[in-house]
Amino acid sequence: MNIKEVNSGEIFFKIDNETHFKSIFDEYFSSLYYYAVKIIHDDQIAEDIIQEIFLNLWKKRDEVYINKIANYLYTAVRFRCMNHIRHEKVKVDFSEKKIREYEPQIDDSIIMIEEEMVREINKLIDSMPDQRKKVFLLFLDGLSQDEIASELNISVNTVKTHKLKARQFLRDHLKNSLYLLLLVKFDSFF
Amino acid sequence: MRKIEENLEISKLLLLHLKDELSESDKRKVDKLLTEDNDIYLLYQNIRKKKYLDEQLKRHRSIDIEQKWLDQTKRISKDKFKKRATLYSQIAAAVLIPLLTATYLLLNYEAPFTDTKSEFIANVIPESSKPQLIVEEGEIYELDGNEVSVADSSIEIKVQGSSLIYADAVKNENTQKSEEIHTLIVPRGGEFELNLSDGSKIWVNSETTIKYPKQFIGKNRVIELVSGEAYFEIAHNVEHPFIVNTEKGMVQVLGTAFNIRSYSDEETNVTTLVKGSVCLRHKFDTESSVKLNPGQQGVIIDVNRKINVKEVDTYPIIAWKDGYYIFSSNSLENIFNQLSRWYDFKVEFESDYLKNMKFRGNVERKAGITQILDLLEKTQKVSFEFSGKTIRVKSI
């Protein structure tokens, strides 16, 4: 990894290969995408914006040292989203005879905070061992124990074990959430 | 509004709070946030709940990241083959995204386009035709800057530079007032200022014909903008409304400043209000009246369509009277159209795509067609070829 350390102790890195680039892409795409969608309410344009930003990041990779990737990416997305809104607002205002505003008054900060939290929690889930993660995700999709067992070609007991371990994992990590309370309640029925 | 860095910091803290991995001081920070900010409080409470969190996790995972990654790699490949971005002019003109996609049109031509730009410019500068004033008896006066005296007892008409000034003559019982109609014709390339005896001022743009009574007698002050563009500053007089008739519409005015553009070879009648208030309606439809407020523009297309009102930036529209042509987002076709009001030429476009290519800029009329052509060339988006009085617009 191409790293440069600055006097303040902060680390700046460069994207030096496609694998590195892909890992950033995989990690941030969803949160950036949903952030944009929630602001501009247009999924096609939101996707286009995110893809463009990653393209530019790739193109500039030799020139740019990045300190905080999330900061860099959200800043780029926000900028383009606000531009889009300004554009759209001008069109709408003309047809609705409203007075033009120049600064979109959108509070995107809570949207950003949420997307980042979900991203991190998802990372947590990704850090689970493969099978356990698969079981957890299939439960998330609403499949039953039996369905999961057949889907993954494992025994129902194995499914149960994985489920238990997944919860334990989450409980250990998200101590202050209420996630486990309900699970604990269901457990008493089995 | 919070900065992005702050938001990211907050999300980290909230997550750590969720994990119960906060230092005492950070915990206090978060508790403060949760107390003071309702949105953050609600978010935190929601994300602690299984149902809510599950939904969010599902939502994020519903994206097929491998597919998106494929799309990204395609995008990267496509980009590698694109031409290098063209240079943009530092000066006035800039390129905005064209709205229509190209349909390539190749024009047939006979004469080779080998004239130079200077030859073209020399060809297209209009013959110095002067504005003409036509009085009712049919007499035509050329307004070439010299004092003109029109034989008339009730009114004094003076020409001063590029202004035509009407003033009531010294009153005399014997003077018969009449609303004799005068016509002012401003040719291509010209511009004239008309001062009427009621104090109203009208700036008349190129290729414009305007008819007006030499003095206002009746209840209404009525003038006719036969074809062209004019900017009006009308003296306020509640008892005598000022009315402008155009080919398609009628504008009624109460002490105000506005611009009307109604060229007979254009499809629209565009009235832009700067100050005061006007009422605008279709010529043949008394029900269609709309009132404009300052900063608004009314567009009449035809009697079957409602008058379209929108908010505009008025300065670019009236800048012509100060000698500037401002285009905020005009197609090349539009720009050359405007140029053709000042110069005598024909234009050919190599493609529809070029016709619709948009530019933004600011030019002085004084600097002439040379400046505009130079600026357009500097954008490196278009090139020109000349033959006689015809200019052909090509892409680079």
Side-chain angles (χ1 to χ4, degrees), chain A residues 18 21-22 25-26 29-31 33-34 47 50-52 54-55 58-59 68 70-71 74-75 78 90 93-95 97-100 105-122 124-125 136-137 139-142 172-183, chain B residues 1-12 14-22 37-40 42-63 65-66 68-69 71-76 78-80 293 295-297 308-313:
Chain A
E18 199 177 287
F21 180 60
K22 182 172 194 289
F25 184 90
D26 287 349
F29 188 91
S30 296
S31 31
Y33 171 75
Y34 281 113
E47 174 156 0
I50 308 303
Q51 294 282 20
E52 268 307 294
F54 274 106
L55 172 66
W58 175 251
K59 280 163 76 170
K68 292 172 183 150
N71 209 322
Y74 276 99
T75 305
R78 185 172 198 279
V90 167
D93 288 351
F94 276 179
S95 65
K97 300 183 226 175
K98 283 208 208 114
I99 295 175
R100 273 200 282 182
Q105 301 293 322
I106 295 186
D107 190 7
D108 63 299
S109 62
I110 203 70
I111 300 174
M112 198 186 302
I113 295 172
E114 177 163 21
E115 293 309 313
E116 277 299 285
M117 286 182 80
V118 177
R119 183 182 61 71
E120 284 288 339
I121 296 175
N122 251 323
L124 201 59
I125 292 168
F136 178 82
L137 291 178
F139 265 111
L140 207 60
D141 281 337
D172 290 341
H173 282 87
L174 303 175
K175 295 192 181 75
N176 273 333
S177 84
L178 300 172
Y179 199 93
L180 288 320
L181 273 181
L182 284 170
L183 289 178
Chain B
M1 273 211 282
R2 269 193 293 258
K3 289 206 279 195
I4 289 179
E5 231 180 305
E6 262 188 270
N7 290 330
L8 297 176
E9 180 62 28
I10 290 173
S11 104
K12 285 203 179 80
L14 288 177
L15 194 61
L16 287 172
H17 193 279
L18 207 56
K19 292 176 165 189
D20 199 21
E21 288 174 12
L22 281 177
D37 190 318
N38 282 334
D39 291 330
I40 292 183
L42 285 167
L43 170 60
Y44 188 74
Q45 295 310 326
N46 278 334
I47 217 157
R48 293 171 75 202
K49 298 180 190 151
K50 177 182 191 297
K51 191 161 172 230
Y52 185 86
L53 181 55
D54 279 351
E55 264 167 38
Q56 306 315 314
L57 294 172
K58 256 173 82 174
R59 173 172 60 84
H60 262 226
R61 289 187 177 268
S62 66
I63 294 184
I65 277 287
E66 288 312 313
K68 303 300 176 195
W69 172 251
D71 293 339
Q72 172 66 207
T73 54
K74 276 192 215 141
R75 209 174 265 246
I76 292 177
K78 245 170 91 170
D79 186 80
K80 282 199 197 137
N293 292 320
Q296 287 187 330
Q297 185 183 78
N308 186 286
V309 177
K310 58 186 190 180
E311 305 279 332
V312 295
D313 187 6

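These numbers come from a predicted model, not from an experiment. The chains referred to below are lettered A, B, ... by the order of the sequence lines, with proteins before strands, and numbering in each begins at 1.
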Which atoms of [X] come close to chain A, meaning under 4.5 Å heavy atom to heavy atom: side chain ones, backbone ones, both, or neither?
X: B:Glu55; value: neither
X: B:Leu43; value: side chain
X: B:Ile40; value: both

Which of the residues B:Asp37, B:Ile10, B:Asp54 is involved in the greatest number of heavy-atom pairs with chain A at under 4.5 angstrom? B:Asp54
Leading residue by heavy atom contact count with chain A [cutoff under 4.5 Å; candidates B:Lys12, B:Lys58, B:Glu66, B:His60]: B:His60
Could you check which of A:Glu18, A:Gln51, A:Met117 has the highest count of heavy-atom pairs closer than 4.5 Å to chain B? A:Gln51
Between A:Phe139, A:Tyr74, A:Trp58, which has the largest tally of heavy atom pairs under 4.5 Å with chain B? A:Trp58
What I want to check is whether the side chains of B:Arg2 and A:Ser109 have a donor and an acceptor closer together than 3.5 Å.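 Distance-only check passes for B:Arg2 and A:Ser109.
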Side-chain donor-acceptor pairs of residues 15-22 of chain B under 3.5 Å, sequence neighbours excluded:
{"residue": "B:His17", "atom": "ND1", "partner": "B:Tyr44", "partner atom": "OH", "Å": "2.5"}

Starting at [atom1] of [X], measure out to [atom2] of [Y] and round the result to the nearest 0.5 Å.
X: A:Phe25; Y: B:Thr73; atom1: CZ; atom2: OG1; result: 8.5 Å
X: A:Ser177; Y: B:Lys50; atom1: OG; atom2: NZ; result: 11.0 Å
X: B:Ser11; Y: A:Glu114; atom1: OG; atom2: CD; result: 10.5 Å
X: A:Ile110; Y: B:Leu42; atom1: CD1; atom2: CG; result: 8.5 Å
X: A:Glu52; Y: B:Arg75; atom1: CD; atom2: CZ; result: 4.5 Å
X: A:Ile121; Y: B:Leu57; atom1: CD1; atom2: CG; result: 6.5 Å

Given A:Asn122 and B:Arg61, is the side-chain hydrogen bond (donor to acceptor under 3.5 Å, both in side chains) satisfied, shown in steps? CA-CA 8 Å; A:Asn122 251 323; B:Arg61 289 187 177 268; 2.6 Å; yes
Are side-chain heavy atoms of A:Lys68 and B:Leu8 found at a separation under 4.5 Å? no
Looking at side-chain heavy atoms only, is the closest gap between B:Asp39 and A:Ile113 below 4.5 Å? no
On a heavy-atom basis, the closest approach of B:Ile4 and A:Asn71 is CG2-OD1, 3.7 Å
By salt bridge (charged side-chain N to carboxylate O under 4.0 Å, His left out) - contacts of A:Glu47 (at least two apart): B:Lys68
Applying side chain to side chain contact (heavy atoms under 4.5 Å, CB included) to A:Ser30 and B:Ile65, what does each step give before you reach the verdict? CA-CA 8 Å; A:Ser30 296; B:Ile65 277 287; 4.3 Å; yes
Close aromatic pair by centroid cut-off 6.0 Å: A:Phe54 and B:Trp69: no
Before you tell me yes or no, could you show the steps for B:Ile63 and A:Tyr34 under side chain to side chain contact (heavy atoms under 4.5 Å, CB included), namely the whole-Å CA-CA distance, both residues' side-chain angles and the distance that decides it to 0.1 Å? CA-CA 10 Å; B:Ile63 294 184; A:Tyr34 281 113; 3.6 Å; yes
